[in-house]
Protein chains: 2
Amino acid sequence: MRVVDTDLLDRSGRLTRHDCFNRQFEGEVQVAVTIRDVARRAHVSVATVSRALTSPELVRPETRSRVLAAASDLGYQPNRAARGLITGKTGNIGIVVPDLDNPFFTGVLKAVQARAMQADYAVFVADSDEDPVAEAKLVHAMAKQVDGVVLCAPGLEDSQVYEVAGATSLVLLNRRLPGVPAALMDSAGGMHAIIDHLVALGHRRIAYLNGPRTSWSNQERRRGLMSAVAQHGVDLVDLGPFAPRYEGGLQAADLAVAADTTAIVAYNDIMALGVLARLRDRGISVPGDVSVTGFDDLTYAALCSPALTTVAMPVAQAGRTAVNLLLDWLDSDNTEVPQIVAETQLIVRGTTTPPRK
Amino acid sequence: MRVVDTDLLDRSGRLTRHDCFNRQFEGEVQVAVTIRDVARRAHVSVATVSRALTSPELVRPETRSRVLAAASDLGYQPNRAARGLITGKTGNIGIVVPDLDNPFFTGVLKAVQARAMQADYAVFVADSDEDPVAEAKLVHAMAKQVDGVVLCAPGLEDSQVYEVAGATSLVLLNRRLPGVPAALMDSAGGMHAIIDHLVALGHRRIAYLNGPRTSWSNQERRRGLMSAVAQHGVDLVDLGPFAPRYEGGLQAADLAVAADTTAIVAYNDIMALGVLARLRDRGISVPGDVSVTGFDDLTYAALCSPALTTVAMPVAQAGRTAVNLLLDWLDSDNTEVPQIVAETQLIVRGTTTPPRK
DNA sequence: AGAAAAACCGTAAACGTTTTCGAGCGCCAG
DNA sequence: CTGGCGCTCGAAAACGTTTACGGTTTTTCT
């Protein structure tokens, strides 16, 4: 069955691929309006058109405006592939993330996309599915089509990151490595703030539920944790690693209560949700019997009940600065390699109170 | 401060943009390996290299393998911009979504990206921020750089959708329109299943909490609802519209209990969460006093407690078929305009039981 | 064996830009 | 009047591919 609104779709009645590609409705019908058409209409050469559009100071104001008029009359938009072929720049940036289903990364993606569009860049997205070798392959595949890529929280070895950094301009997000620009979030600081908060409430024996040992995120969070614990001189029960999932939280909860702690610090929100569920099932009240904290401030952290005390990651800000870094890096002499860290923020809600005496 | 691992990053000690772009480490150093280099090394012409790579049946197997060897030796990868310039195809597809923070759309995106990559396409992503005019602008901006775009749940008027369909090959996702291919999900069927389920449990007076009236999703869900309600001859209390957010659910809950219904079916999961929270605050037990259902099966639907009865949307499947449709449309005579609808699935969990007598 | 057909491959033109080079022109200093 | 300079612009060469066309070799048929 075929339903076609001939009036709107195609006045010839047939619907060919060619017709669908670059239709122009204003003026005469032409498949694609090129710089040559603009030149003809403005009575100048193609060179002048190009100059008028990309470096206005090189043409007389009068001819420039004539060209601009012609261009907008025809609805001309430069072919970026052709432009890229000669300039060597594509006007695209890439982003590769470990998991598009993870709201953490889509938050970053959203900001990256917005900032890029604002700077007239388009963004390629790729999902590595948490697979380090896929990560490397993806940025290599992208390398030819983009001016640079932001690589989010890669699971690659340091040396492999350097290797892919050789293939294109790279900025890291949530991973620090000497010599490559990065947009970071102060998760160590956030974790420190959690411990400060719990200690201030009176907790003296605290469990930490580790995420994946090798992940940079877990190492950072652990770093802040250790520093705070040492500073305050409280007991730390170091558990795990666990899968950073709901099920991991279920599993971890039992270990934490067996260790006789009054507060449970989870690697991230979703594990914390698992902990909450397991504790409720066992009749252990939160925050009455034990306090619980998460990390990341995903939407549901505010929505569960009691609402989860957690730390908010500045994903949007980090995404923005990542593309800022990339853009700066692209059109400067890259004499320096900045690594910018954005502040995290402790959000205390309903799952933390002073421990029962 | 500048930290550079000279061994890995650049043996000249300086870190220039040019050096970072397209480094080749194997064999002699060259900025970019082109088809000409491959030709030289394989002792053939550039035309033969091109043929060997794109239409193998046109060259003798022996020379083909020689070319392939040379290509892989040099690590050659064709410049897609140059290829696109002449073929008119870019090897890219675009996707524009209303909100990258919405897990529904990132689910689609993930599948689209995976399927596209599998077919050797790269994907551009754009976020319209729920703004219809941005939607139109974005696909127009993309049009020149992609072979087609999948437009997700657009808020545009029908006529405007047709207009953008003129700018590039378009397939719709979660929106049906005569004459343009679409990947749909049977949300009407899902809603029908919800009512069947509730009626089977014994409910006779059911509230529906509308989402935005103009959205195609709400209309579809409502369609399934109406059909089921008519079929079973039960009472429907039609409330709203409400904002499809947590707060909308808070607001709607009170209206629903005031209307003396035994079951509340929400437009989507997040509204349902709001309803649950409000009911709990008011001391109304779920599912004891009233049953509640959501829609979409977001992660937290399974995680809250009691776990939410909802219907799962086949987002991944729809994403896949969307790019399948696009690819088919691209290299066929587009003689037909298929609209494929994927099945939804009712997932009954803890928020629905028979009504109290 | 010879001719026709098929298979294979090279030359060159195209794709739509940007950019180098130089031409034309008006102006000023010598 | 001449030479040089600055401004504006056009002609043409690139960028890295694909492909139409034609030429050479190989195969096939009689």
Side-chain angles (χ1 to χ4, degrees), chain A residues 18 21-22 24 30-68 70-71 74-92 120 143-145 147 331, chain B residues 18 21-22 24 30-68 70-71 74-92 120 143-145 147 331:
Chain A
H18 191 71
F21 185 71
N22 277 345
Q24 291 302 126
Q30 35 193 18
V31 269
V33 33
T34 136
I35 202 177
R36 227 168 296 270
D37 303 319
V38 179
R40 223 187 329 268
R41 184 181 244 262
H43 302 292
V44 294
S45 74
V46 293
T48 303
V49 176
S50 173
R51 278 188 280 252
L53 296 178
T54 64
S55 25
E57 71 282 4
L58 291 184
V59 304
R60 192 152 37 116
E62 180 220 320
T63 61
R64 170 170 144 78
S65 64
R66 193 152 36 104
V67 168
L68 256 44
L74 267 46
Y76 168 74
Q77 276 186 282
N79 179 325
R80 299 183 81 142
R83 170 180 295 179
L85 192 52
I86 176 138
T87 60
K89 325 205 63 181
T90 62
N92 303 328
D120 208 35
K144 300 291 175 355
Q145 304 188 67
D147 295 337
D331 58 20
Chain B
H18 190 71
F21 184 69
N22 276 347
Q24 289 304 123
Q30 35 192 18
V31 270
V33 33
T34 139
I35 201 179
R36 228 168 294 269
D37 303 319
V38 180
R40 221 184 333 265
R41 184 181 244 260
H43 302 292
V44 294
S45 75
V46 293
T48 302
V49 175
S50 174
R51 278 189 280 252
L53 295 178
T54 66
S55 24
E57 71 280 6
L58 290 184
V59 304
R60 190 152 38 119
E62 178 219 322
T63 62
R64 170 170 145 78
S65 64
R66 193 153 35 106
V67 169
L68 257 44
L74 268 48
Y76 169 75
Q77 276 186 281
N79 179 325
R80 300 184 80 141
R83 170 180 295 178
L85 193 51
I86 176 136
T87 60
K89 326 205 64 181
T90 62
N92 303 327
D120 208 36
K144 300 291 177 350
Q145 304 188 67
D147 295 336
D331 57 19

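Residue numbering restarts at 1 for every chain, and letters A, B, ... go by the order of the sequence lines. Quantities reported herein were computed from a predicted structural model and do not represent experimental measurements.
For residues 55-63 of chain B, proximity to DNA chain D is found at no residue, defined as any non-hydrogen atom under 4.0 angstrom from a strand atom.
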Q.
What does the B/S/- profile of nucleotides 20-26 of chain D look like, 5' to 3', with a 4.0 Å heavy-atom cutoff to protein?
A. B------
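B:Ser65 is linked by a side chain to side chain contact (heavy atoms under 4.5 Å, CB included) to nothing, counting only residues two or more places apart in sequence or in another chain. Scored by the side chain to side chain contact (heavy atoms under 4.5 Å, CB included) test, B:Ile35 finds B:Val46, B:Val49, B:Ser50, B:Tyr76 as partners (sequence neighbours excluded). A search for side-chain hydrogen bond (donor to acceptor under 3.5 Å, both in side chains) contacts involving B:Thr54 returns nothing, not counting sequence neighbours. Residues meeting the side chain to side chain contact (heavy atoms under 4.5 Å, CB included) test with B:Ile86, sequence neighbours left out: none. With sequence neighbours excluded, the residues satisfying side chain to side chain contact (heavy atoms under 4.5 Å, CB included) with A:Asn92 are A:Thr90, A:Ala122, A:Phe124, A:Val146, B:Phe124, B:Gln145. The salt bridge (Lys or Arg N to Asp or Glu O under 4.0 Å) check on A:Arg60 picks up A:Glu62, with sequence neighbours excluded. With sequence neighbours excluded, no residue forms a side-chain hydrogen bond (donor to acceptor under 3.5 Å, both in side chains) with B:Glu57. Every residue two or more places apart in sequence or in another chain that forms a side-chain hydrogen bond (donor to acceptor under 3.5 Å, both in side chains) with B:Arg40 is listed here: B:Asp37.
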Interface polar pairs with nucleotides 13-16 of chain C, N/O, under 3.5 angstrom:
from   : atom 1 : to      : atom 2 : distance (Å)
C:dG16 : N2     : A:Ala82 : O      : 3.4

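Residue A:Thr87 is in sugar-phosphate contact alone, with no base atom involved, counting any heavy-atom pair closer than 4.0 Å across all strands shown.
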**Q.** Base-pairing string, 5' to 3', of DNA chain C - Watson-Crick or wobble, under 3.5 Å, | interstrand
**A.** ||||||||||||||||||||||||||||||
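When all heavy atoms of A:Arg64 and A:Ala52 are compared, the pair lying nearest together is NH1-O, 3.1 Å.
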